[in-house]
Structure formats: structure tokens, C-alpha cells
Student: 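I have a structure I would like to understand better, so I am pasting it below and will then ask my questions one at a time.
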Amino acid sequence: MTGGGDVGATRGTGPERLDPRALRKEFPLLAPDRPGGPVVYLDSAASSQRPRAVLEAMDEYYTTTHANVHRGVYAIAEEATRRYEAARVAVGRFVRAPRPATEIVFTKNVTEAINLVAYTWARKELRPGDAILVSELEHHANLVPWLMLAEERGIELRFLPLAPDYHLDLTDLDRLLDGARLVALSAASNVLGTVVDLEPVVAAAHRAGALVLVDGAQLAPHRPVDLGRVGADFFGFTGHKMLGPTGIGVLWAREELLDAMPPFLGGGEMIRDVRTDGFTSNDLPWKFEAGTPPIAEAVGLAAAVEYLERVGLERVHAHESALTAYAIDRLRDAHGEQLTIFGPEPDPLRRSGVISFAFAGVHPHDVAQVLDTRGICVRAGHHCAKPLMRCLGVGATTRASLYLYNDEDDVDALVDGLAEVRELFA
Amino acid sequence: MTGGGDVGATRGTGPERLDPRALRKEFPLLAPDRPGGPVVYLDSAASSQRPRAVLEAMDEYYTTTHANVHRGVYAIAEEATRRYEAARVAVGRFVRAPRPATEIVFTKNVTEAINLVAYTWARKELRPGDAILVSELEHHANLVPWLMLAEERGIELRFLPLAPDYHLDLTDLDRLLDGARLVALSAASNVLGTVVDLEPVVAAAHRAGALVLVDGAQLAPHRPVDLGRVGADFFGFTGHKMLGPTGIGVLWAREELLDAMPPFLGGGEMIRDVRTDGFTSNDLPWKFEAGTPPIAEAVGLAAAVEYLERVGLERVHAHESALTAYAIDRLRDAHGEQLTIFGPEPDPLRRSGVISFAFAGVHPHDVAQVLDTRGICVRAGHHCAKPLMRCLGVGATTRASLYLYNDEDDVDALVDGLAEVRELFA
Amino acid sequence: MAGLEDLYREIILDHYRSPRNRGDLPSPPAVRVEGFNPLCGDEVVVYLDVVDAVVVDLKISGQGCSISQSSASMMSAAVKGRSVEEARALVRSFKALMSIHEAQLETDDADAPGAAGPDVLDADALGELAALQGVVKFPVRIKCATLPWNTLSQGLDEVGPATS
Amino acid sequence: MAGLEDLYREIILDHYRSPRNRGDLPSPPAVRVEGFNPLCGDEVVVYLDVVDAVVVDLKISGQGCSISQSSASMMSAAVKGRSVEEARALVRSFKALMSIHEAQLETDDADAPGAAGPDVLDADALGELAALQGVVKFPVRIKCATLPWNTLSQGLDEVGPATS
Ligand SMILES: Cc1ncc(COP(=O)(O)O)c(C=O)c1O
Ligand SMILES: Cc1ncc(COP(=O)(O)O)c(C=O)c1O
């Protein structure tokens, strides 16, 4: 392979493995000559880096075509609108949304997407005594909105427990679903790397008459998603974790649901008519997009999904699975008893590249601090999953998370860095 | 003056007038060699263009420093956090917020900022029968949230009427304030160019025991704002209208109010602790910033306000006032009876550079269409102010709006373009 | 780039300046249907007098841009005196004219093979309405052109069951 | 860039490995105060036994990183046996040490004239606690270092009125 600019991003249909070293050339922050020194970036579960193509798409938009969307007659405004709506369709197709032009709502992040459902569908449909089923591994984004609702409306919040193998324990699923109106579940844990087998849960929920909301923040960036197959009713994900910009998230929901939901934020764009005594809502999806939307961000996110499709999600997935297995192996080999990994064993289908661990005798803050001096970026903390931390019996973990641009060298750097941690705190 | 890159943006303290032609060199979309042809951009009230400095600040952030904020120990994450919080302070200082570090909340646009107040403060404090006073010139962003609340909670919505001179008629203010708990008012109209004299309204509202929310979307970009002097309780504005990126807006509110308000969106970042049975909120301002915030957008907005401060808001204001007077003069001179301007007479204090008009016998859509073929961008429509359109007795207007980069040539192009409109539809 | 002459054909401006069948009909017996475009505020009111499945009279009121108003005027001329069936076929043809062009625009290639067929066919059937086909080069204006047709279509649905 | 040796001085690691005054006290009579850092989950519990306005005993429990735990340990050694008044002064000095450095960092110039004065003063008064001053070069860790002190301060406020 030659070192050309987009060598790594050849169309992702072939069987060849992706080449992280070539890909990395397209990510300025990961360049060996980064001002401030090169970094080993192992924190993509918090936020990914982005390729030049994404920044260029936004800059190109701003410098040639920016105008407010949907209301302008002139050419630039028309073109801005076209690009914004084309971005919606591209992002919808990325997750195989059946009707991307109407069922994809842009939000500011996935947190807003989930809150939107809590404020509209749930506040309209749920009654005191109804139950919502979440799991013990939820990110706060898929927990606090339901806690707020539970408190406000006398809804019961139930928890699918975690099994000792770090997968969800579905033994009591049917009992837990009794009286539940909604199941709100992460597709993949941002702490454990657990990938949830959604199909049985969705099937059981629908049998029990409950709808299913899936928090896909840690799934959509890493493997192909087919919303038809997932079978969920609501699905959210977030731009900055999938090579896209900050400031944009996505809610997908079935058209009938969106149609029946009351609007969320009120303002321009989401209305068809406003009188001094009332208003009528706009068509989908604009009914849920009050105010000027994240236009450049949508253009950037479309460039990100195009990039991911060019690389090939299957290939990203295969690469991460192999690298995860390598990492867990190397870590255990090198640090044995001192290291405890919180998460399932390597498994291409049921595990992602998020690796949380404890390092005996050294607090995660200190682990991360020592690694930082070697340019290795890992996260230390509760990862916005405090109830899960309590389940694990720890206050915090150290977390390394892998993405398409990581390779064995990054893992080796982590393993070596941990040796220094051990020495320092011996 | 030499043609250097930032000639127009010399520090704005001197008495010299700003030089739009020099400024325009810093706005790529306004370049004479723009791919697609040069444009005469007269639609900044819908969304402004942005100087290269803003795009460069975001790109620089993304390519050197991006990581998720507030939770990382490593250097990049720390620096990202520092820049995000520094942006908050810079944006707060731009409007002379007394405590920028705690009282400035970043939202996705001003629409969300107003909805935030409607969902938290208003839903907590208002009771059936309470009244909210808005005006007849409000943008839907400052109307629909209150209509939704009025319907949901049996709140009465009252309207401050428009006087024949296109200013608000304050004659009945005290009567309208009787029983009102909130006054929600645009500081400047996005249709008429009316700039509201806020001080008497704020004083009367406070006397009557009502709080005041000011929609500053059309004010903050165009003249110096001193929140201390305005005396409002809530103040919102939006990034994309003030040289900043899309995807970011700002809510300022007094600390005591923010403290007493319940949270809005639930998720990461806005909590201090989460248990399976409840949560406690984070400190200000993060309590209101659930999920990953618009980090790069905050950096971009900070670069935008820095740019505006370098040019000098006083100077921007003076330039726009003079240009507005010129434009109204020229338009009337050239198009006489055929042209009706909806808005106050030129007045540096009480009028902005937003000029809406009717062109007898030609629908605004057609006016804008003809102008577009000459590269002139104006808006045609209801400008998200349908109740105001009903007051004016029209379905739509044509609107030209001026900003720091516009000059007499732009106005002349508009005047000439309207001559072609007249011919075509004669 | 499309020029103004594509949009503002003389016949369109003529219908705009001198709209045909302008006015209203007592309703009932006429069916009255309102249509409006929320984005630009254009309004069209169609009054339909259908007897024995024939549109014996039809009037238009409302306000809007040259495209929506001339489209309404041409539509009124084309539909008046036709059977409900024929009127429905016209609606279909007109909307096909608009959407075929839309599809062409999406592929960014107006000369795509196969695109000419149905288009020419429709244009023939539509007579002077074909003058509106330039509108499709201005995507935001398509809604203006189709507004009266969607309104008519709704009106035909309302009278349909009762008279045929 | 600041190096690890600025943060992890030997004395800090020593206090982390062998924390002083670890444990708890029956409460009451001791005052028990909890402090925690929501961002990283560090927890400190301070038990204070104050008799006649003197901190006669003090124990620390909780869990956290080397900085919060060693800061707590050093604090316990420094405060035990002191008067409430003196303990309060120590809290002020320690927090000044942390925030003066913060101010320096904000100006991006650690050698700014005038910055050395109060800093050295505090460092003298604080004894071995001065080892923590390297923390200020790592802004996110300042909260770790001050956590036990804020907790102590709260505890002193609780006993304050009752005993002095
Ligand atoms: C007066 C006024 N308020 C609110 C808004 C809404 O701004 P945004 O769409 O950025 O939320 C606008 C602009 O459209 C406006 O002009
Ligand atoms: C599983 C999961 N859900 C939700 C979120 C929230 O994403 P955002 O902050 O972009 O709203 C995250 C990331 O922090 C996550 O990992």
C-alpha cells in the first residue's frame, strides 16, 4: 500500500482489512507532527476524532452556500436547504431508516433525542403506575430523563440486571415487562463494551405491548445498523462519536409515532401556522426541529457517514473486534493479577472495543494521569454511568476505547504505559 | 487603506468608520470570485455569514484539541474544557453578563433557550389564570413556547399592540401587566426593524411583579448590549446571526433564577449524582447542559464575538444606522408609490437595518426570485412572524437586512434590481 | 443556471395579470376548499360546482405569487366543463410533470435517457399548462405551482362520493 | 509541560500508600462529614472530635485517587491537635495555595511578578503540605486536592457554633 491521502478509505466492499495507519493520515489530530506532540487516542467512546473530509465539508458549506434553510427563494438558500435535507437522507440511510426523509429528526445530541421522546411521547402516553424498563448499564442520558419522568408522573422505573458475565440477565424479562409501556435500552455499553442482543428484548417487549427505545450512541459508529432488523420504535445516536461534528444528534422513530407525538420545542420551522390563540404543527420531520437547525453540522455528519461507508462498516467492525481481542490478551498477559477488566470476553457479535479496567492499588485518575504524560488518552471516572459503577462496586474505572484509526501500536503503548504506572505506584 | 486581510477589523475604539469592502475580504462567501458567482447578501437577519477567523478557530480546535469536555484527565481533554469554558466567559462578557462563568448556558439556538425557560421556570412557577405578556411583533420562537404553555396550563397570553409608527404601543402597559407573571419580548423585530425601548417595559414589569425575558436574537449581533442596563431576567441570542456557527445559542439568566429552576434535559453533565431512584443536579451552568455540548460551536462563537469586538459594536451600529437611512431614502426615491416600507422611520436608537416592504402588484416571492437572478439575496415570506403579518394585513413581505459587511453598492444593487422587477411585472 | 425566462413565460404573466375564473360561488351547493403554503403564505380557495360528475363551474380566489396564481388560473380554464374523471387525470398529469422533473433534478441530469418520454406526453395533454414546466428548475417554486392542484384534488375527493 | 514528578512527589505517594489517621470515630460525639467529587467519584469522609475548640481527634475514610487521599492524610496530620481557629487558617492557606496558582495559570505565566510572594508564605506555613503545590499545574486535579479541605471546612462550621 502506498501512503496516499485516502488509501485507508478505499471502498469498503472488498475483503481486505482496513489500514489504520493509512486512515490516520486523514485525521489531523492524530498526525505524528501534531503541535503539542503525537497522541495515542484511546477515548473515542467519549468522542471520536474527525477526518479532514468532515471539516472540509463544513468549511465548504460555510464558504460557498450558507443561508438559513427552508424559507429562502434565492439560490444559496435553496442549495443550503437541499444540502441539509440531503444530509438527513444520507444519515437515515446509514442506519437503514425505512423513510429517512420524514423519520430522521436532527437534535443537538443523542441526549436531546432521548429527552424529546420523554417529553413528548412518554408524557402524553404514560400514566401513573405504568412502568419503564431500563437496564443497569445505562448511560445517564438514557436514565435521567426517565428518572425525571418517574418522579413527575409516578411512573415506576425498573432495571434489567447485569449478569456476572457482564451481559444483561434476561431471565426475568417477561416479569419485568408486565405493566411496562417502554423499554429504554443501550445497544452497547459505553463502560463495559457489552453489546446487547436487542432482538429477543424487542420481541418480548412488543409481545408485552411496550415500545422500545434504543440508545445507539455506542453502536452506530462501530458496526452496520439496520433499523428494520433491530425492530425498535425509537433509535438515537450522536454525531461527535462517529467522526462527525459536535452539536448534532439524531432521533429516528416510526412515522406513525412521530405523527401522533405532540411537538417538543416551539418556534420557527416546526409550525404550519401560528395565530394569536394557537398554532398547527408542521409536517414531519420539521415538526420536531424548532428554530434554525444545526445546518453545517448536518452537512458534516453526512460527510462522516459517507466516510464511514467508504471505509466500510463491516470492515470497521472486523478491525475493532480483532484489535479488542488483541488488547485484552496483551493487557492480561502483561499485567496479570493487577488488572481486572470489567466487561465480557472478546466476541465479535457481543462485545465492542470499549475496555474498562481496574488496576490494583492505583486509582483510575492516577492511571490516566501517568498515561497522559506519554501522550496516551484514556478516560478515568464514572463515564456517566453511576448506577453501573455501584453495580461494579467501584467509584470509577479507567477506560480505553478503540476505533477505526487505532492499531496494535496504540495497544502496545497502553500496555507499556501501564508498566510505568505499576512502577511509580509500586 | 491597504488591502490586508484584516484591515476592516482594526480595533473598534477609534472614531473611524468601518470599511465594509475591506471587511468583506474576510468573508469567503462574499468574495467577488465566489464559485457560483458573487452575491449581494441582504439576508443577515435570517442568518449571517462568517469570517474566516471563525472557521479557522473551529478547525484549529478540531485538529489540535478535540476531546469531550469536563470529564477527562488527559491534556487534550483539559485543554478542550478550558477552551469551552473560556468561550462561555467570552460570550458572556460580550453582553456584559455580570457572572459569565455561571449565568451563561449554551443551547442549540435561541429557540431552545426560550423553550428552556418555558419548560423549567414557567412550568414551575405559573398557575392557571396567570398571564404572560408578549407583543404583536414576536418571532414564533418567542410565541409558540408560550402558546403551548398557555394551552397546557390555562395561562392567558396577552399582546402588547403595535402602534401606527411600527413601535410598540405602551399606552395600556400597566393594565396589560395586571396579573402578568412574565413579559416575553423581542428586543428588535426581525421583520420591521423596530428596536424596542426595553427600559420602561422592564421597569413597569418589575413594578408589577413580573419577570422579563428578552429575545435578543436581532439585537446582540448589531449593537453593544449591557445586560446590567437592560435589567431583564432572561436574555437569549443565537450564534448563526452574529457571525458564529449554526448549532449554538445562548441563554443568560440571573443566578438566583437558574438556581431555583428545575433542570430541563436530563443526561450526562447536568447531574452531580445519579442513583437508581433519583439524581441531584450539577452546579450552574452545567445543570442546564445535558449531554455533550456544542464544543466546537462555542469555540467558533467566541471567535465571532472576538471579531465583532475587534471591529467594535459601536462602529457596527453606526455603520448600519447610516446605511439603513441611505437604503430607505434610495428605495423611496427610486420606487415611490410602488413601494411600501413596513417599519419605523430611520432612527439610530429605535430602528435596525431590517427593511421589509411590499412592492405593489408583485408578490414577495417573485420579487425575491427576480433579485436572485442578479445574485441579490433577500428573504420573502412571513419571516416566522405570522401574527405580525396579520397585523400588517399581508401574507408575506420582502425583506432586505443589513450587516457590517454591506455597503451602499449592495443597496444600489437592490434598488436597480427592483427596477427590473417593475419592468418584468409591468 | 435556469433563467427568469424559464419561469416567467409570457403566458404565465398573462394569467397572473388577468386571472381566469376569479371569484366565488355560493357554497353550498358549490364545494369550497382552501389550500395554503405555510412557508410563503400563499392561499388558494377553489369553488367547485359539480353536477352529474361534471365540473360545470369553478372559481378561484386567494392571494399569492405569480406561479401559484397563474397555475390556479390555467387550471380553472383547463378543468371547467370537464368530467370529474378527466379533472382527476389532469391533476395526475400535472403533478407528474412536476415530480418527473423533480426526479430529473435529483439525478442532476435533465438529459437522462428515458426522462423525456412521460414528460412530453404530459406536456401534450396539458396544453398551455405546459408553460409551467419551467418551474421545476426552481424547486422551491414547485409547491407554488402545485398548490391549486392539491386543493382541487381535495375538492374532487369531497364531491366524488356524492355525485358519481 | 509539567512532568509527573511535579505531581507525584515522594511524600505524596508515601501518604497515599500509608495514610495517616485512617479510620472512623463514633459519631456522635464526633462530627461526621462527607465530601465527594461528582466528576470522578472521589469520596472523603472526615470525622472530627472537637473539645473546647480544639480538634482533639480526626479520622479519615473514603476512597479516591492519590491526590485526594494523600491530601486528606496530610491534612489530618496537620490539623490534629490544633485549635478550630488554627484549622480554619490552615484551610484558608491551603485553598489560597491552590487558587493563587490557578490565577497564575490563567495568565499563562507562572513567573508573573508578584506571584511568588503569598505562595512562598503559604508554603512555609503549610509545611509538608506544600508538596501538593505541584498539583496546580494539573488543573483538573485541584479539585482532588481541595476535596478533603472543603469537607473539613464544612465539619468545622458544624462544630463551630456549638463549641466556641
Ligand atoms: C427575533 C428572533 N427571535 C428568534 C429567532 C430564532 O432564532 P433561532 O432560529 O436561531 O433559534 C430569530 C431568527 O430566526 C429571530 O429573528
Ligand atoms: C451509551 C451512550 N448514550 C448516550 C451518550 C450521550 O451522548 P451525547 O453526550 O452526545 O448526547 C453517550 C456518550 O456520552 C453514550 O455513551
Side-chain angles (χ1 to χ4, degrees), chain B residues 34-39 43 46 139-140 143-144 191 338 342 356-399 416-426, chain C residues 1-19 22 34-45 60-74 98 101 105 108 131-148 151:
Chain B
R34 168 182 174 272
V39 298
D43 196 24
H139 186 280
H140 294 163
L143 202 48
V144 182
V191 178
Q338 192 163 4
F342 302 110
S356 272
F357 57 88
F359 206 65
V362 193
H363 189 274
H365 254 196
D366 294 310
V367 174
Q369 191 85 61
V370 175
L371 293 177
D372 180 43
T373 58
R374 302 168 76 104
I376 303 168
C377 306
V378 299
R379 198 128 294 227
H382 54 65
H383 316 295
C384 291
K386 286 212 146 196
L388 174 58
M389 291 294 120
R390 292 203 178 87
C391 288
L392 301 176
V394 296
T397 75
T398 308
R399 180 187 73 184
D416 294 349
L418 287 174
E420 182 177 346
V421 171
R422 182 158 55 184
E423 252 165 61
L424 191 69
F425 285 88
Chain C
M1 201 183 132
L4 281 181
E5 62 288 357
D6 290 314
L7 190 62
Y8 298 123
R9 307 266 171 92
E10 194 42 54
I11 190 162
I12 290 177
L13 292 177
D14 178 58
H15 275 271
Y16 181 46
R17 291 192 198 99
S18 325
R22 183 99 192 150
E34 268 181 58
F36 79 116
N37 180 339
L39 291 183
C40 60
D42 282 7
E43 276 180 20
V44 170
V45 187
I60 305 282
S61 71
Q63 56 169 11
C65 70
S66 60
I67 303 303
S68 68
Q69 300 304 301
S70 63
S71 178
S73 172
M74 290 190 216
M98 294 289 137
H101 276 86
L105 286 172
D108 275 337
L132 281 165
Q133 80 180 34
V135 170
V136 294
K137 294 183 187 157
F138 299 81
V140 277
R141 307 302 295 273
I142 293 176
K143 281 214 171 97
C144 306
T146 53
L147 174 65
T151 313

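Quick note: numbers below take in every heavy atom, side chains included, and nothing from hydrogens, waters or symmetry partners. A note on names: the letters A, B, ... follow the listed sequences, proteins ahead of strands, and every chain is numbered from 1.
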Student: If I take atom CZ from residue B:F425 and atom OH from residue C:Y8, how far apart are they, to the nearest 0.5 angstrom?
Tutor: 4.5 Å

Student: Look at the side chain of C:R141 and the backbone N and O of B:Q369, then say whether any donor-acceptor pair between them is shorter than 3.5 Å.
Tutor: no

Student: Identify the heavy atoms of C:C144 and B:H365 that sit nearest to each other, and give their distance.
Tutor: SG-ND1, 3.6 Å

Student: With only heavy atoms counted, which part of B:V367 is less than 4.5 Å from chain C, the side chain, the backbone, both or neither?
Tutor: neither

Student: At a heavy-atom separation under 4.5 Å, does B:A426 approach chain C through its side chain, its backbone, both, or neither?
Tutor: backbone

Student: If you take all heavy atoms of B:L424 and C:L4, which pair is closest and at what distance?
Tutor: CD2-CD1, 4.4 Å

Student: If only atom types and distance count, is the side chain of B:D366 paired as donor or acceptor with the main-chain N or O of C:S66 below 3.5 Å?
Tutor: yes

Student: Would you say B:H363 and C:D42 are linked by a side-chain donor-acceptor pair, where the criterion is simply a distance under 3.5 Å?
Tutor: yes

